[in-house]
*Asks:* 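Below is a structure I'd like to ask you about.
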2 protein chains.
Amino acid sequence: MDLSIGALSRQVAVKVPTIRYYEQIGLLPAPPRTAGRQRRYGAEDVARLSFIRHARDLGFDVEAIRELLSLTARPDQPCEPADRIVLRHLDSVERRIAQLTLLRSELRHMLEDCRHGPVRECRIIQVLADHDQCRHEHGKVS
Amino acid sequence: MDLSIGALSRQVAVKVPTIRYYEQIGLLPAPPRTAGRQRRYGAEDVARLSFIRHARDLGFDVEAIRELLSLTARPDQPCEPADRIVLRHLDSVERRIAQLTLLRSELRHMLEDCRHGPVRECRIIQVLADHDQCRHEHGKVS
DNA sequence: CTACAATCTCCAGCCACTAGAGGTTCAAGA
DNA sequence: TCTTGAACCTCTAGTGGCTGGAGATTGTAG
């Protein structure tokens with residue numbers, strides 16, 4: 001176990017610049033270097049980076065991952081904080097799904113209403129120009 | 001009709017810096033100015049900015065809005081391009097909903113499995129540390 | 001020993017804003 | 001007419017989470 005950054009990248013499926021970025025923001029510790037200043041990683045780095053990648057895949061932001069990682073360093077403490085972090089994230093995912101579901105129905109209605117004539121008669125354009133014609137209100141989607 | 005940027009902002013519910021930003025990126029035309037170089041807007045600007053805001057609320061990106069706006073300038077042309085833009089957006093919304101729905105179920109399972117003991121035994125942490133323990137595969141969520 | 005792939009650092013760009021500094025102008029009230 | 005202060009101006013930098021490129025250096029296989 002003495003991986004170059006490229007080998008680590010292939011092993012964990014995280015791009016090389018992303019690994020350097022994680023080091024820069026303090027998610028990954030700065031590894032030892034060769035005489036020529038190239039990074040060399042060990043098994044712990046593989047585990048930590050995998051953890052980070054899985055958490056990112058699940059949509060956790062860097063701050064949440066930082067907190068989750070700090071929990072793994074204290075295995076005797078209760079895991080409620082982890083619970084809270086996941087719950088918070090689940091909440092935001094659910095809110096996002098609700099928004100997007102509303103959005104989807106608006107978009108579908110727009111497509112249904114479209115008469116496929118000239119732009120002048122296009123309901124899509126009309127709805128955008130005068131929002132009150134649309135069926136539902138909804139918040140910003142970001 | 002001769003609105004200051006602040007009046008336009010209140011009328012359309014778009015923040016002042018955002019209006020200037022839209023001008024900068026060419027979504028809004030540069031309006032006439034007073035002798036003291038302050039912007040003054042007319043009814044056309046209200047309509048155009050409303051259009052932009054509604055489209056943004058529906059999650060269209062700036063490029064799509066640019067295309068939609070250019071269609072409104074040619075009311076005799078067919079509206080198929082608008083159709084295509086909406087369809088493309090609907091597609092991406094649906095893909096996003098599918099991703100997030102998968103994600104939601106993963107997060108729910110994580111919470112169900114949590115034993116509320118010490119971190120050492122926490123399934124949440126374990127799943128993150130060793131992703132193969134999780135029930136489903138899923139793509140990146142962004 | 002020579003290629004050349006991989007690595008290094010540093011900087012810029014992505015999206016769609018948002019915030020702040022530091023200065024100027026407008027409009028209402030005295 | 002003058003004063004005040006809210007609103008406006010430009011310019012720059014920051015957000016999150018990377019991603020890509022330039023130009024220089026290092027590691028390694030043949």
*Asks:* Would you mind reading off the distance between A:R53 atom CZ and D:dG17 atom P, rounded to a whole angstrom?
*Replies:* 17 Å
*Asks:* Report which part of the nucleic acid B:R10 touches: base, sugar-phosphate, or nothing (heavy-atom distance under 4.0 Å, all strands).
*Replies:* nothing
*Asks:* Whole Å only: how far is the NZ atom of A:K15 from the P atom of C:dC8?
*Replies:* 17 Å
*Asks:* Between D:dC9 atom P and B:R33 atom CZ, what is the distance in whole Å?
*Replies:* 6 Å
*Asks:* State whether B:E67 and B:R84 are salt-bridged, where the test is any N-O pair (Lys NZ or Arg NE/NH1/NH2 against Asp/Glu carboxylate O) under 4.0 Å.
*Replies:* no
*Asks:* Hey, does A:R108 have a side-chain heavy atom less than 4.5 Å from the side chain of B:L90?
*Replies:* yes
*Asks:* Among D:dG17, D:dC8, C:dT18, which nucleotide sits nearest the side chain of B:R20?
*Replies:* D:dC8
*Asks:* Which of the following nucleotides, C:dC26, D:dT10, D:dT26, is nearest to the side chain of A:T34?
*Replies:* D:dT26
*Asks:* Expressed in angstrom and rounded to an integer, what is the separation of A:L49 atom CG from D:dC18 atom P?
*Replies:* 11 Å
*Asks:* Once rounded to the nearest 0.5 Å, what's the spacing between atom OG1 of A:T18 and atom CD1 of A:I52?
*Replies:* 11.0 Å
*Asks:* Between C:dC26, C:dA16, D:dT19, which nucleotide has the shortest distance from any of its atoms to the side chain of B:D61?
*Replies:* C:dA16
*Asks:* Output the single nucleotide from D:dC18, C:dT18, C:dT7 whose closest atom is nearest the side chain of B:Y21.
*Replies:* C:dT18
*Asks:* Counting side-chain heavy atoms from C-beta on, which of C:dT7, C:dT18, D:dC8 comes nearest to A:Q38?
*Replies:* C:dT7
*Asks:* Between atom CD in B:E23 and atom P in D:dC11, what is the gap in whole Å?
*Replies:* 12 Å
*Asks:* Strictly below 4.0 Å: does B:R37 bring a side-chain N or O up to OP1 or OP2 of D:dC8?
*Replies:* no
*Asks:* B:I125 and A:F51: which non-hydrogen atoms are nearest, and at how many Å?
*Replies:* O-CE1, 3.8 Å
*Asks:* Taking only the side-chain heavy atoms of A:T18 (C-beta and beyond), determine which of D:dT19, D:dC8, C:dC17 contains the nearest atom.
*Replies:* D:dT19
*Asks:* Rounded to whole Å, how long is the line connecting atom CG of B:L8 with atom P of D:dA7?
*Replies:* 15 Å
*Asks:* Both A:A35 and A:P17 contact DNA chain D. Taking the nearest nucleotide for each, which residue is further toward the 5' end?
*Replies:* A:P17
*Asks:* Under 4.0 Å between a side-chain N or O of A:R66 and OP1 or OP2 of D:dG16?
*Replies:* no
*Asks:* Looking at CZ of A:R20 and CD1 of A:I5, how far apart are the two atoms once the value is rounded to the nearest 0.5 Å?
*Replies:* 4.5 Å
*Asks:* When you measure from the side-chain N and O atoms of A:R39 to the phosphate of C:dT7, is any distance below 4.0 Å, counting only OP1 and OP2?
*Replies:* no
*Asks:* Rounded to whole angstroms, how far apart are CD on A:Q24 and P on D:dT19?
*Replies:* 14 Å
*Asks:* Any base atoms under 4.0 Å from B:Y22, or only sugar-phosphate, or nothing? Heavy atoms, all strands.
*Replies:* sugar-phosphate
*Asks:* For C:dA6, does OP1 or OP2 lie under 4.0 Å from any side-chain N or O of A:S4?
*Replies:* no
*Asks:* Would you indicate which nucleotide in C:dA16, D:dC8, D:dC18 comes nearest to any side-chain atom of B:V62?
*Replies:* C:dA16
*Asks:* Measure from the side chain of B:R40, starting at C-beta and using heavy atoms only, and say which of C:dA16, D:dC9, C:dC26 lies closest.
*Replies:* C:dC26
*Asks:* Which nucleotide, C:dT9, D:dC9, C:dT7, lies nearest any side-chain atom of B:I5?
*Replies:* D:dC9
*Asks:* Using whole Å, what does the distance between atom P of nucleotide D:dG17 and atom CG of A:L27 come to?
*Replies:* 9 Å
*Asks:* Are more than 12 heavy atoms, taken from residues, nucleotides or ligands other than A:E80, located less than 6.0 Å from that residue's CD atom?
*Replies:* yes
